[in-house]
Amino acid sequence: MLKYLKKYWFYCLLAPLFMMGELSMDLLQPDMMATIVDDGVLASNMEVILSEGIRMVLLVLFGGTCGVLCGVFANIAAQEFGNDVRKDLFSRIMDFSFEQTDRFTTGSLVTRITNDVTQVEQMVMMSVRSLVRCVFMFVGGIVMLYRQSPRFALVAACGLPFVTVIVVFTLKKVSPLYTVIQQKLDRVNSVMQENIAGARVVKAYVREEHELEHFSEANDSLCDTNLQAQTILAFLNPAVNIVLNLCVVGVLYVGGYTVQHDGSITPGQTMAAITYLSLILMRIVFFANIFQTFTRASASWKRIREVLDTPVVQREEIPDVHSHFTGSGAGCAADVDRKGEIEFRNVSFAYPDDPENPVLDHISFSVKQGETIAVIGSTGCGKTSLVQLIPRFYDATEGEVLVDGQDVRKYSMRELRDKIGIVQQKAELFSRSISENILWGSEERYEEEGANPIRGALGVPDGTKGSEQEKPMTVSDTDHKVRQMEEVSRAARIAQAEDFILRTSDGYETQVTEGGHSLSGGQKQRISIARAVMKNPEILIFDDSGSALDLKTEAALYEALNREFADTTRIIVAQRIFSVKGADRILVLDNGRICASGTHEELMQNSDVYREICRSQLKKGEIGA
């Protein structure tokens with residue numbers, strides 16, 4: 001935690017200094033009030049009352065100014081601290097593998113990056129402000145009380161052990177509950193997130209009442225634990241007040257007895273002693289509240305550290321896993337003459353949470369540049385798992401996956417994924433314009449190169465190193481924007497998306513709602529395809545991404561891809577025979593193995609599994625066609 005605060009040490013230093021200025025004024029006031037009572041009121045001396053009153057007002061103004069400045073600097077330190085921690089948390093979460101994200105769960109990660117960081121922010125605020133205040137007031141109150149009379153300090157010393165026992169007992173009971181509260185808050189966030197994201201499914205199946213009960217159970221559990229903690233804390237203040245009032249009675253008795261018998265203690269000193277006694281004993285209550293916050297923040301910080309200390313799976317194997325954020329690439333010895341080539345060498349794969357049941361079993365095949373390979377098979381046979389190994393969403397358990405002749409584990413993550421464009425069955429869009437969604441993933445390359453990232457389009461060079469003629473073109477900002485939008489439009493046309501985009505209210509500038517709910521499934525898929533096309537990768541992977549497209553649109557899409565991206569390697573995962581019939585080669589998966597490979601015609605002759613899939617989808621008279 002200290003490494004985050006080091007940057008703001010100056011603010012962390014200034015806040016306590018100004019707090020001491022404010023507290024010094026607070027500690028002087030009861031003593032000045034005693035002077036007003038003894039030398040002014042009881043002696044009927046208006047001059048003393050007026051002069052001491054003016055001094056008190058000036059000191060209050062000075063103390064208030066110090067208090068404001070303390071608050072400002074404490075807030076700067078706490079907010080900047082929280083800002084840095086959230087950024088690091090988000091950066092680490094973005095580096096997580098799918099396995100790590102699944103282990104933490106999305107709801108828990110949301111809680112850690114929001115509520116847990118807020119708890120730690122409050123702890124930082126209290127550390128540089130309230131903690132200093134309590135310590136200074138407690139020690140200063142004892143000193144000032146002793147100055148009034150050692151007898152008063154003795155009364156306070158009698159009450160302190162009782163208050164301390166009450167506070168320690170309360171904290172011991174309530175502290176373990178804060179970790180439980182954060183865990184139950186995770187659960188509430190997870191249920192809420194699932195239901196908001198799946199609201200259409202909930203309504204389609206009329207499950208609102210069921211999900212309300214589900215949420216109520218999670219929320220009631222959180223409420224019960226919170227109530228248990230607050231009930232324990234509810235006894236703290238009344239118990240301390242009892243001890244405080246007994247001590248006040250003791251001060252009044254000692255003060256009254258002394259005033260009557262030897263006059264060594266004045267009425268003003270007795271009043272000041274009561275005020276200082278209240279300050280001392282109430283500081284212990286504030287200490288309890290601070291330690292309560294510290295305990296809760298400690299539980300939150302452990303959860304934050306759990307994320308920050310989780311090693312990124314690829315970090316030891318890939319020297320440049322952060323290049324996605326920094327814009328640098330490590331590079332590797334890939335063959336520049338083999339763009340888009342893929343090879344699986346005896347690859348097996350099992351998901352980390354079920355290592356005993358492999359999804360893929362000794363898969364071997366190769367794909368040449370510009371070849372179109374289709375993967376088909378029954379549900380759960382491992383089609384999606386196979387293509388997820390290429391961009392390293394997961395790593396093969398055994399064997400090697402090679403891109404351009406190089407093991408994917410030897411690429412930097414950015415360099416590998418720059419080669420690949422993937423369109424998944426579930427289209428993920430963002431709350432921004434359609435054009436921004438299409439540019440998403442390619443915009444950085446525009447900014448770096450000042451030129452068009454799509455090779456061959458509009459006569460723009462590829463941007464590869466070499467002669468002057470091969471260098472990327474540089475254009476003015478206006479021409480750059482025009483050229484950029486031309487490429488967005490081109491990508492949309494290839495994806496068969498431009499017709500419906502131009503029919504929207506603002507065309508390419510139409511804002512997409514959260515999750516793309518303002519668009520149909522087919523429209524979202526086409527924008528996702530345009531986004532992958534815009535990237536102009538060496539390899540295009542379509543993971544059942546045509547499932548929401550009608551056959552005519554899908555046929556037009558493949559025709560446009562064959563025309564515009566003839567040199568791009570394509571892997572098509574599909575359930576429909578129509579989607580794979582035109583592929584150069586079709587791989588038939590069955591129980592994690594390749595049971596057949598060939599063209600549609602060859603498989604119709606040689607593969608029982610493929611013929612069975614055809615028969616399940618096509619009418620008898622259409623099979624031969």
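Counting begins at 1 with the first residue of the sequence. These numbers were taken from a predicted model, which means no experiment stands behind them.
With a 6.0 Å radius and a threshold of 12 heavy atoms from other residues, nucleotides or ligands, E559 has its CD atom at or below the threshold. Shown here is N591, whose CG atom has no more than 12 heavy atoms of other residues, nucleotides or ligands within 6.0 Å.
Between R414 and D418 there is a salt bridge, since at least one side-chain N of the basic residue sits less than 4.0 Å from a carboxylate O of the acidic one. Salt bridge annotation for R86-E121: present, with a cationic side-chain nitrogen under 4.0 angstrom from a carboxylate oxygen. At a threshold of 4.0 Å, the pair D395-R392 counts as salt-bridged, since one of the basic side-chain nitrogens sits closer than that to a carboxylate oxygen. A salt bridge links D309 to R305: at least one charged side-chain nitrogen sits closer than 4.0 Å to a carboxylate oxygen. Remark: E400 engages R345 in a salt bridge, criterion side-chain N to carboxylate O under 4.0 Å. In summary, R409 and D407 engage in a salt bridge, as defined by a charged side-chain N under 4.0 Å from a carboxylate O.
Side-chain atoms of K383 come within 3.5 Å of backbone N or O of S378 as a donor-acceptor pair. With hydrogens and angles disregarded, no donor-acceptor distance shorter than 3.5 Å links the side chain of D590 to the backbone of C381.
How far CG of L89 is from CD1 of I113: 5.5 Å, rounded to the nearest 0.5 Å. For the atom pair I527 CD1 and I434 CD1, the distance stands at 4.5 Å (nearest 0.5 Å). In this structure, NZ on K426 lies 8.0 Å from NZ on K524, to the nearest 0.5 angstrom. The structure places CD1 of I539 at 12.0 Å from CD of E371, a figure rounded to the nearest 0.5 Å. I438 CD1 to Y508 OH: the interatomic distance, rounded to the nearest 0.5 Å, is 6.0 Å. One finds the CD1 atom of I390 at 4.5 Å from the CZ atom of F344 (value rounded to the nearest 0.5 Å).
Shown here are the side chain to side chain contact (heavy atoms under 4.5 Å, CB included) partners of R493, two or more places apart in sequence or in another chain: S489, R490, E498.
The side-chain heavy atoms of Q424 and S528, taken from C-beta on, include no pair separated by under 4.5 Å. Two residues are said to be in side-chain contact when any heavy atoms from C-beta on lie closer than 4.5 Å; Q484 and S435 fail this criterion. Proximity of Y411 to R417: side-chain heavy atoms (C-beta onward) are nowhere separated by under 4.5 Å. Contact annotation: the side chain of W440 approaches that of R432 to within less than 4.5 Å [non-hydrogen atoms, C-beta and beyond]. Considering only heavy atoms from C-beta on, Y394 comes within 4.5 Å of L389 through its side chain. In this structure, the side chains of E487 and N536 stay at 4.5 Å or more apart for every pair of heavy atoms. Counting heavy atoms from C-beta on, the side chains of E538 and Q369 never come closer than 4.5 Å. A heavy-atom distance below 4.5 Å is not found between the side chains of V120 and V85.
Taking the six-membered ring for Trp and thresholds of 30 and 60 degrees, F81 and Y4 have ring planes more than 60 degrees apart, a perpendicular arrangement.
Across every non-hydrogen atom of T569 and G340, the tightest pair is OG1-O, 2.7 Å. Contact detail for V188 and A218: the closest heavy-atom pair is CG2-O, 3.6 Å. The two atoms that bring L308 and R92 nearest to each other are O-NH1, 2.6 Å, heavy atoms only. Closest approach of S364 to I594, counting heavy atoms only: O-CD1, 4.0 Å. Of all the heavy atoms in A495 and L557, the pair that sits closest is CA-CD1, 3.9 Å. Nearest heavy atom pair, residue C614 against residue I577, reads SG-CD1, 3.6 Å.
Side-chain contact annotation: Q511 with S431, donor-acceptor N/O pair under 3.5 Å absent. N562 and R570 share a side-chain donor-acceptor pair at under 3.5 Å.
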